[in-house]
Amino acid sequence: MTEQKPTNKKPSLKQVGLSETVLWDLYTNLLKTRLLDERLRKLFRQGRFAGTYFSAVGQEATTVGPTYGLRDEDIIAPSHREIGANVTKGVPLELIVAQVYARRNSPDKGKSHPCHYGYRPKGVISPASTLAGQTIVGTGCAMGFKIQKKDNVVLAFFGEGSTSRGGWHEALNYAGIHKLPIVYICQNNLWAESVPATLQAGIKDFADRAKAYGFPGVTIDGNDIVQTHKTAAEAIARARAGEGPTLIECKTYRWYGHSEIDPADYRQTEELENWKKKDPVIRAEKLLLDLEILNTAKREALVENLDQEIEAAVQVCEKEKYVEPEEAYNDVYSERFPVLKDEY
Amino acid sequence: MTEQKPTNKKPSLKQVGLSETVLWDLYTNLLKTRLLDERLRKLFRQGRFAGTYFSAVGQEATTVGPTYGLRDEDIIAPSHREIGANVTKGVPLELIVAQVYARRNSPDKGKSHPCHYGYRPKGVISPASTLAGQTIVGTGCAMGFKIQKKDNVVLAFFGEGSTSRGGWHEALNYAGIHKLPIVYICQNNLWAESVPATLQAGIKDFADRAKAYGFPGVTIDGNDIVQTHKTAAEAIARARAGEGPTLIECKTYRWYGHSEIDPADYRQTEELENWKKKDPVIRAEKLLLDLEILNTAKREALVENLDQEIEAAVQVCEKEKYVEPEEAYNDVYSERFPVLKDEY
Amino acid sequence: MKKVTYIEAITQALYEEMERDERVFLIGQDIGLYGGVFKATKGLMDRFGAERVIDSPISEVYIAGGSVGAALVGMRPVAEIQFADFITPSMDQIIQQMAKMRYRSGGAWTCPMTIRVCCGGEVGGGLYHSQINEQWFFSQPGLVVVMPSTPYDAKGLLKAAVRGEDPVIYFEHKRLYRSIKEEIPEDDFVVPVGKAAVRKEGKDITIVAYGLMCHKALEAVAMLEKDGISCELIDMRTLRPWDRETVFESVKKTSRAVLVQENSKTGGVMAEVSASITEDVFDYLDAPVSRVCGLDVPMLPFAPPMEHFFLPNAEKIVRAVRKVMEY
Amino acid sequence: MKKVTYIEAITQALYEEMERDERVFLIGQDIGLYGGVFKATKGLMDRFGAERVIDSPISEVYIAGGSVGAALVGMRPVAEIQFADFITPSMDQIIQQMAKMRYRSGGAWTCPMTIRVCCGGEVGGGLYHSQINEQWFFSQPGLVVVMPSTPYDAKGLLKAAVRGEDPVIYFEHKRLYRSIKEEIPEDDFVVPVGKAAVRKEGKDITIVAYGLMCHKALEAVAMLEKDGISCELIDMRTLRPWDRETVFESVKKTSRAVLVQENSKTGGVMAEVSASITEDVFDYLDAPVSRVCGLDVPMLPFAPPMEHFFLPNAEKIVRAVRKVMEY
Ligand SMILES: Cc1ncc(C[n+]2csc(CCOP(=O)(O)OP(=O)(O)O)c2C)c(N)n1
Ligand SMILES: Cc1ncc(C[n+]2csc(CCOP(=O)(O)OP(=O)(O)O)c2C)c(N)n1
Ligand SMILES: [Mg+2]
Ligand SMILES: [Mg+2]
């Protein structure tokens, strides 16, 4: 893993290796994710929606970077902390908020759970909570693409904790044998709820797990949007070309509790403070300022635009109703089969 | 993996690094396993017992070598091809044959399945057929030993195919985190029923899987009893000393079908013939002859003794009855709970 | 019309569905090169290639979960679990992914796929090659569960499963693979999911069964006929959603019912059938609904005397019917 | 006597059993440092150390299967599955190892261990934090299955489970953790496994329930009492082996029964109870045995109106009882 050393010398676009547009888009998506996430946290704390809320603040670069540039038909196999992947894949903000509010306009019609974002038109699988579940299913999507001889790819997201699951192993093992078009993104945020990464595996770098499967594993700075995007884009290109999977471990950190009801008192303040210094949004901002793609005025305008967009989505959902109770009977089967109705 | 090069120079005991007694015992156990296995195969083909039979002929050194020297309280977590571990651990031959005959004198009272050898007084777990099942349970035994601060160890056996299972991953991952006193023996016989090892993993050496767990993995010539014994003994010593697990991959080959009802026509005759040249029993024999621990007369006497012992065990089981049908009601629970009896 | 065995019927269904629809593919252990441990997929790899007949590693979690994924992107997977005993590792993917994909996505993502599960006893398979675990899937909303008892149904239900839009667990009974033969049409046909079959009409008592137990019941029916007891035999065929109407109509006519289940008694499918009969047609009952089931011990002890003792058979069914008739 | 909540009762049981017997240890996710996501194991790592209160990786297969192994070498594991929804990966080890170890070894190897499973709805948990899957384990010979509904039983049954010689699945209902309090003795006590509790005696109708549903039934009983309907309420407490005698004796007295189950109806525990009542005490029945259950859709849709609609409650039970009384 190469960590970016602080330097006073301003980088050039050429050194960065990405175009202005790409950098602008990456930054916009990062910022949008951050603002939306913080807004939703606040709304939860104000009791505006039920259930709980899983914040990804601090980890945005691990989802935004890899997702940027995917096609609609490419699949996202998410876990529970991929709000950034949804934003970047182009899921309408209103639907992201609707999922959290569990209202009638939510893609799942209120059936699943807040933060379990899924949206078929953009290829985002509606997730189950069972960790690594969608890593397995996503690997199956890649198997499907391979049989269909399509050049689509799958991006599967999970935390370091989820790599302890057996099904995760079966999926990556299969992908290795058949060189499936899939890229595995491990968001190693050092904690799985209250359990530190040292109790998830006897290794330090989770990318080493790829050695068991015969495909490349690489550990990167997960808070550097340039690295997350470029590393994933390369892996995606290889996957599209039929050259098989890659496991990318992004070292990162979640700023808040596991969910909003977790005080996260098992961590040291110092650890958090150190990681806050590596804020992926600020780092991207600095880069864009240095490259003169961004300036204060542009930034303010952008924030205002994004805030308005977010607020509009929230307002729609605030006004939306819950589904009728009988909605519970729908979507169990295709129309072919009836559901036994309750008598009482 | 270091394969023994054929040489005309006779080795010395010192070069081999094992005592005469140990070499004699290893050879005796190898031969006993071979003779017993071939006898049981024949009996199955003569229709002397029901079900099927899993032969381990050709792979004996992978079980005999590691098991030799264990204590009664050390645990064997077997799969379906560990007749050699049972023989070497000291399970009475009669009970091994009884398990195959599924008669009243079998340790399982005829309940489980032929070849599912288990015997508590010698620490052999009665296996389920679900592959890698006992690898997980065996890892739990090692966890128990660690909590108890005992210096016992566990030897878990499985084929290369079983390493594709998720539960296998969870077990080894756990053992790596907690440095459990367990040694994992992968008998890579290149096939899992009809599926070649190349379709089980995208890697060549299954010992590489250990890299995902942070403990040593080593690939050895599984048909060389000296190597299997010495490598395992060393790993066992480290495990006893609290230094954690080892994964040992033994390259080997099964001579016959997956079970006796499998013609194994998915393999090339040439492959088989090549491996027959590496017969672990003949190789051990040659070594002992060279070292002058063995000679033709001794060998003949040994074979005769072993044949007699085997025949005596077979005769006991041939005369033994099946259990009564009502035995089916026993061993579901402790005496505390009754089993619902059938009315019809 | 040609006489085919139950397993040939399965092979035919797979072959024809793969010919018909290139989205159909197979995945399972030993199904390709080897043609399946029971040869159900014999010849299919030769015909359709290794990309559509996949010899999977020993990864039951992936076999189920990977198939779900392939279904999501438009394939029609037919996965094989070599023995029902080895479906336990797949439970997570079957219950949490396959069964609930449609529901949790509000109908956006669906899982048209089939898992073939080789199951059942009376083959000397012992504790780990004889299990049936239909009751787990039977109790899971979102899943379709079928278990054919004849070659005709084996073929027709498998085709219906592959063509449907819902996830199906297809139990095939290994004891039936080669023990029965039947003439079946050479033209394409399906057997509708959700409909039971009345195997024999009768007026005195209703017997409900599925899978191998239908054949045990048929034997019993013949024996009872000689005593002048006229039995109506219903083969459930589909376990979920089961055909309540056909069962209820029959019981309304006969007023008595005996339910036969190979699996252990407690918590099995027939408990639901019995409870539903009581709930819905109680007034028609002249005697308690009675069950003939496998023993309430782990399915299935190996030694032949225990295996025999465990399983329902014609004699046990006859005794149960007599007892209910004498009530 | 002190008033304790249901979850405090569980913590006490764990604490006391660990004090009493050094073979007892805990393994589960977030149970150590964090004290459990619901704080059931709070303070136990401080008292007993990290070797006996193990924060496991996210490995439900290992949590179950590793515990089996520890039991084999003489430990008394108490494993925790954080949510019943996440027990599906453990099915292989629970069904094929834990339940059958004694049987397959002819009694030589045994598995005295407990798996605590946090389960149930009415907490806004949605599709993946509300499940109960008691019916799978209920139908498995070799397993003991309990589900307490009161702090007293929570403590007494957990102690009995830990001290017993058989493998126990201990379902604890998360809705009950802090919603009920009860005075329980400070001295050591156990609640015998396999015995139901008559929560209220009555003469007109028998209501059978377990877990959270006992509390819904109690509400219903109070409402019905006002109408002059005297209900006998039985709390099953142990699901396997369930207390047939207590249920049958009650039904013999009242001649009517309503069975209440939180989980989806089809193939649930109450199907077996209903079928057994019909089989064993049919003659005493004046009306069909009726079930009030969760909807036959995946347990449990999230949005509050659907969650409420799914679950049985006092009103639904009252309606069912009235209907059966009017029969
Ligand atoms: C199979 C399963 N076990 C347990 C849980 C409970 N759980 C939810 S999130 C979580 C921690 C996940 O850690 P990690 O994979 O590192 O992701 P992170 O939350 O850190 O992003 C746990 C244990 C679950 N959802 N699924
Ligand atoms: C979970 C599970 N899946 C499938 C099977 C069926 N099966 C029995 S042995 C076997 C092959 C095992 O291969 P390997 O682990 O390499 O051991 P080997 O037979 O080569 O010694 C298979 C697939 C099983 N017993 N358990
Ligand atoms: Mg994490
Ligand atoms: Mg092998």
Side-chain angles (χ1 to χ4, degrees), chain A residues 73 75 77 106-113 116 118-121 123 125-130 133-150 152 154 165-171 173-175 177-178 323 327-328 330-340 343, chain C residues 22-23 25 27 51-52 54-75 77 89-90 92-93 95-113 141-144 160 164-167 192-194 238 240-241 244 276 279:
Chain A
E73 306 72 35
I75 292 280
S106 171
D108 73 336
K109 304 173 193 157
K111 290 208 173 78
S112 177
H113 202 272
H116 286 49
Y119 187 54
R120 187 160 190 187
I125 301 174
S126 304
S129 306
T130 32
Q134 288 73 242
T135 305
I136 307 161
V137 169
T139 305
C141 295
M143 170 172 72
F145 288 151
K146 191 180 174 199
I147 300 173
Q148 293 163 344
K149 306 200 195 318
K150 289 193 180 156
N152 290 121
V154 179
R165 281 205 63 202
W168 182 90
H169 167 78
E170 295 197 7
N173 186 50
Y174 191 89
I177 301 165
H178 292 277
V323 292
E327 173 60 34
N330 297 338
D331 304 324
V332 181
Y333 294 103
S334 67
E335 326 71 58
R336 239 170 123 199
F337 302 118
V339 172
L340 204 64
E343 300 180 64
Chain C
E22 64 171 14
R23 298 172 306 168
F25 77 100
I27 181 168
E51 285 236 317
R52 283 178 73 201
I54 304 176
D55 267 327
S56 91
I58 302 170
S59 301
E60 282 81 4
V61 183
Y62 181 75
I63 291 174
S67 296
V68 169
L72 292 187
V73 298
M75 299 298 293
S90 322
D92 182 43
Q93 294 294 301
I95 300 294
Q96 309 302 359
Q97 299 287 347
M98 183 177 162
K100 295 174 188 158
M101 185 60 78
R102 182 186 288 268
Y103 202 69
R104 78 176 191 236
S105 67
W109 292 100
T110 63
C111 245
M113 63 175 281
L143 291 181
V144 169
E165 296 299 324
D166 299 282
V193 173
T238 295
R240 184 176 186 108
R244 301 161 64 88
S276 298
E279 269 168 355

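Quick caveat: nothing in here was measured; it's all calculated off a predicted structure. In what follows, chains are A, B, ... by sequence order, proteins preceding strands, each numbered from 1. The figures here come from the full heavy-atom set of this structure, side chains too, leaving out hydrogens, waters and symmetry mates.
If you measure heavy-atom distances from C:Glu60 to chain A, the contacts under 4.5 Å come from the backbone alone. Interface remark: C:Gln97 contributes side-chain atoms only to the contact with chain A (heavy atom separation under 4.5 Å). Contacts between C:Arg52 and chain A at a heavy-atom distance below 4.5 Å involve the side chain alone, from C-beta outward. Contact of C:Met98 with chain A is not made at all, since no heavy-atom distance falls under 4.5 Å. Using a 4.5 Å cut-off between heavy atoms, C:Glu165 contacts chain A through both its backbone and its side chain. Residue A:Ile125 touches chain C through both its backbone and its side chain, counting heavy-atom pairs closer than 4.5 Å. Contacts of A:Asn152 with chain C are absent, with no heavy-atom separation under 4.5 Å from either backbone or side chain. Interface residue C:Pro141: backbone and side-chain heavy atoms are both found under 4.5 Å from chain A. Heavy-atom distances place no part of A:His116 under 4.5 Å from chain C, backbone and side chain included. When heavy atoms are compared at a cutoff of 4.5 Å, A:Pro121 does not approach chain C at all. Of the atoms belonging to C:Ile27, it is side-chain heavy atoms, and not backbone ones, that fall under 4.5 Å from chain A. Of the atoms belonging to A:Ala328, heavy atoms from both backbone and side chain fall under 4.5 Å from chain C. With a 4.5 Å cut-off on non-hydrogen atoms, A:Gln134 touches chain C through its backbone and its side chain both.
Counting all heavy atoms, side chain and backbone alike, A:Arg120 lies closest to C:Leu72 at NH2-O, 3.5 Å. Smallest separation of non-hydrogen atoms from A:Asn330 and C:Tyr103: O-CE1, 3.1 Å. The minimum heavy-atom distance between C:Gly66 and A:Met143, with the atom names listed, is O-CE, 3.5 Å.
Considering only heavy atoms from C-beta on, C:Val193 comes within 4.5 Å of A:Arg336 through its side chain. Residues A:Phe337 and C:Thr238 have side chains not in contact (no heavy-atom distance under 4.5 Å, counting atoms from C-beta outward). Side-chain contact between A:Arg165 and C:Asp92 is present, with at least one heavy-atom pair separated by less than 4.5 Å. The shortest side-chain heavy-atom distance between A:Ser334 and C:Arg102 falls under the 4.5 Å cut-off. Looking at C:Glu51 and A:Lys149, their side chains come closer than 4.5 Å, going by heavy atoms from C-beta outward. Proximity of A:Val154 to C:Val73: side-chain heavy atoms (C-beta onward) are nowhere separated by under 4.5 Å.
When A:Gly144, A:Ser126, A:Gly110, A:Gly138 are compared by the number of non-hydrogen pairs under 4.5 Å with chain C, A:Ser126 comes out ahead. Note: A:Asp331 leads A:Thr130, A:Val339, A:Ile75, A:Asp331 in heavy-atom pairs under 4.5 Å with chain C. Between chain C and the options A:Gly167, A:Ala77, A:Pro127, heavy-atom pairs under 4.5 Å are most frequent for A:Pro127. The greatest number of non-hydrogen atom pairs below 4.5 Å with chain A, out of C:Pro167, C:Ala108, C:Cys111, is found for C:Ala108. Chosen from A:Gly133, A:Ser106, A:Gly118, A:Ala142, the residue pairing most often with chain C at heavy-atom distances under 4.5 Å is A:Gly133.
Between the A:Lys109 side chain and the C:Gly106 main chain, a donor and an acceptor come within less than 3.5 Å of each other. Looking only at distances, a side-chain donor or acceptor of A:Tyr333 sits under 3.5 Å from a matching main-chain atom of C:Leu143.
One distance of note links CD of C:Gln96 with CD1 of A:Ile136; it measures 11.0 Å at 0.5 Å rounding.
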- side chain to side chain contact (heavy atoms under 4.5 Å, CB included) evaluation trace for C:Gln93 with A:Val137: CA-CA 8 Å; C:Gln93 294 294 301; A:Val137 169; 3.6 Å; yes

